**Q** 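One structure, as structure tokens, below. Some questions next.
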Amino acid sequence: MKKVILIKYGELTTKKDNRKFFIKQLKKNIFDKLSSFSFDIIDDYYRMFIIPNEDELEEIVLKLKEIFGIHGIVIAYETQDNDVENIKNVCLNLMKEKNEKTFKVITHRSDKSYPIDSMKMNNIIGAHILKNTNFKVDVHNPEVELNVEIRREGVYIYNETISGLGGYPVSTLGRALLMLSGGIDSPVAGYLTIKRGVELYYLYFESRPHTSIEARNKVIELARKLEKYNTHGKLIVINFTKIQETIYKELDQTYLITFMRRKMYQIAERIAKKYKCLAIVNGESVGQVASQTLSSILAVNDVTNYPILRPLCSFDKLDIINISKQIDTYDISILPYEDCCTVFVPRHPVINPNLKHIYEEEKKYDFTSLVDEAVNNAEIVDLKEKISDLL
Ligand code: ATP
Ligand code: MG
């Protein structure tokens with residue numbers, strides 16, 4: 001008997017009018033992700049079936065676990081023989097592999113020409129299992145749900161669902177620009193944004209020689225980890241050295257981080273517009289550090305009207321760390337290379353920056369040409385190339 005993979009859409013089921021569009025994108029993302037495998041897809045409004053080469057099934061399931069928009073992954077047995085005796089026996093064999101004690105049969109008969117209705121099928125199959133195993137029926141809270149889908153293409157039988165990532169298919173909600181540093185937070189912010197169907201481009205500010213090539217490589221590695229979920233991202237690297245040095249030299253040093261971050265946001269907005277990103281995303285979490293008090297966020301946000309998404313704004317650090325471990329970015333993030341934000345950090349950074357003071361200070365130096373230069377010299381890093389080729 002053939003094994004096929006059945007995909008459950010999950011949250012997509014709430015999208016009435018756009019549903020077809022979401023399913024189409026999900027299918028495209030699946031084809032992208034599984035490009036090295038050979039398989040067929042059959043889909044309809046409720047379900048998608050992947051018909052794999054059986055020896056590649058396990059590997060395909062692992063890949064499907066990395067695709068947003070998939071709520072559940074089911075390995076189903078397909079039988080072309082829709083005779084009720086055959087269906088009963090396939091069901092029984094499948095249930096015999098289980099050690100649980102209670103079950104319920106759920107039949108879907110999308111092929112309405114099939115002569116036995118769903119309720120009757122539930123009873124027939126249920127009775128057969130009761131007679132031949134120690135299982136008991138529990139219709140309210142069964143340990144095992146035995147599903148039987150009777151379709152024109154065949155009958156699909158399964159009793160186990162593997163959780164998918166949920167969320168929306170990447171690219172269904174447009175593109176955003178993630179400010180990606182080498183820290184723990186921004187990769188997690190990126191992951192949670194991709195989960196909502198948003199495709200990401202990545203933006204990294206570096207200050208060589210104050211920051212090292214290792215710090216850049218770390219960001220490349222982090223972007224690659226996110227590419228597992230995102231797939232078509234670009235990493236844009238901004239040379240921030242001159243701006244940072246000039247701020248250090250010309251402006252009030254206790255406000256250094258505020259000025260730096262204002263310049264980062266300005267540049268991020270320009271890059272976002274250039275690459276058709278509809279929002280900027282960062283890893284700020286309220287109160288985590290001095291630059292993330294509400295008044296600091298206000299002072300920095302003041303330079304732009306662009307939407308800034310902060311998926312971590314209310315997260316505790318420990319929760320962020322847990323996600324970073326799940327998505328495999330934690331070990332990279334804790335490598336000890338300095339980020340441009342930490343290089344010139346003042347000993348007592350201001351916690352409640354004052355906008356009036358900021359405007360006064362910023363009058364002391366016109367950064368226009370330095371910002372233009374940084375934007376114009378933005379470098380695109382190919383995330384698919386080997387690190388050694390990038391040096
Ligand atoms: P992270 O752990 O993500 O580095 P953090 O807690 O260290 O964050 P900050 O250094 O204040 O916090 O940075 C806040 C956010 O600003 C980061 O999450 C990131 O989105 C962005 N950011 C900071 N430094 C850079 C950088 N060098 N390049 C790109 N984005 C940056
Ligand atoms: Mg940081």
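Every number for a ligand or one of its atoms is a count from 1 in the order of the listing. This one's a predicted model, so the numbers in the text were calculated from it and none came from an experiment. All residue numbers refer to positions in the sequence shown, counting from 1.
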**Q** Report yes if Tyr204 has an N/O atom closer than 3.5 Å to an N/O atom of ligand 1; otherwise report no.
**A** no
**Q** Taking 4.0 angstrom as the limit and counting only heavy atoms of Ile184, give me the atoms of ligand 1 inside it, by number and element.
**A**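 So the atoms of ligand 1 that pass are 2 (O).
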**Q** If hydrogens are left out, which of Arg216, Met179, Arg261, Glu284 has an atom nearest to atom 23 (C) of ligand 1, that is, the closest non-hydrogen atom?
**A**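 Ranked by closest heavy atom to atom 23 (C) of ligand 1, first place is Arg261.
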**Q** I'd like the name of whichever of Gly283, Ser285, Ser207, Ser181 reaches closest to atom 18 (O) of ligand 1 through any heavy atom.
**A** Gly283
**Q** Return a yes/no value for Gly182: is any of its N or O atoms, backbone included, closer than 3.5 angstrom to an N or O of ligand 1?
**A** no
**Q** Just by distance, with hydrogens left out, do Asp81 and Thr79 show a side-chain donor and acceptor under 3.5 Å apart?
**A** no
**Q** Select one of side chain, backbone, both or neither to describe which atoms of Leu180 lie under 4.0 Å from any atom of ligand 1, heavy atoms only.
**A**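 Contact part for Leu180 vs ligand 1: backbone (N, CA, C, O).
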**Q** Have Asn376 and Glu373 got a donor and an acceptor in their side chains that come within less than 3.5 Å?
**A** no
**Q** For Leu203, take its heavy atoms, then give the atoms of ligand 1 lying under 4.0 Å from any of them.
**A** 29 (C)
**Q** Near Asn282, which atoms of ligand 1 are under 4.0 Å from a heavy atom of that residue?
**A**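 With Asn282 as reference, the close atoms of ligand 1 come out as 20 (O).
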**Q** Ligand 1 and Pro187, any nitrogen or oxygen pair closer than 3.5 angstrom?
**A** no
**Q** Between Val281 and ligand 1, does any nitrogen or oxygen pair lie at a separation below 3.5 Å?
**A**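 No, no N or O pair falls under 3.5 Å.
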**Q** At under 4.0 Å between heavy atoms, which part of Glu206 makes contact with ligand 1: side chain, backbone, both or neither?
**A** neither
**Q** Which atoms of ligand 1 are found less than 4.0 Å from any heavy atom of Gly183?
**A**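 Within the 4.0 Å cut-off of Gly183, ligand 1 contributes 1 (P), 2 (O), 4 (O).
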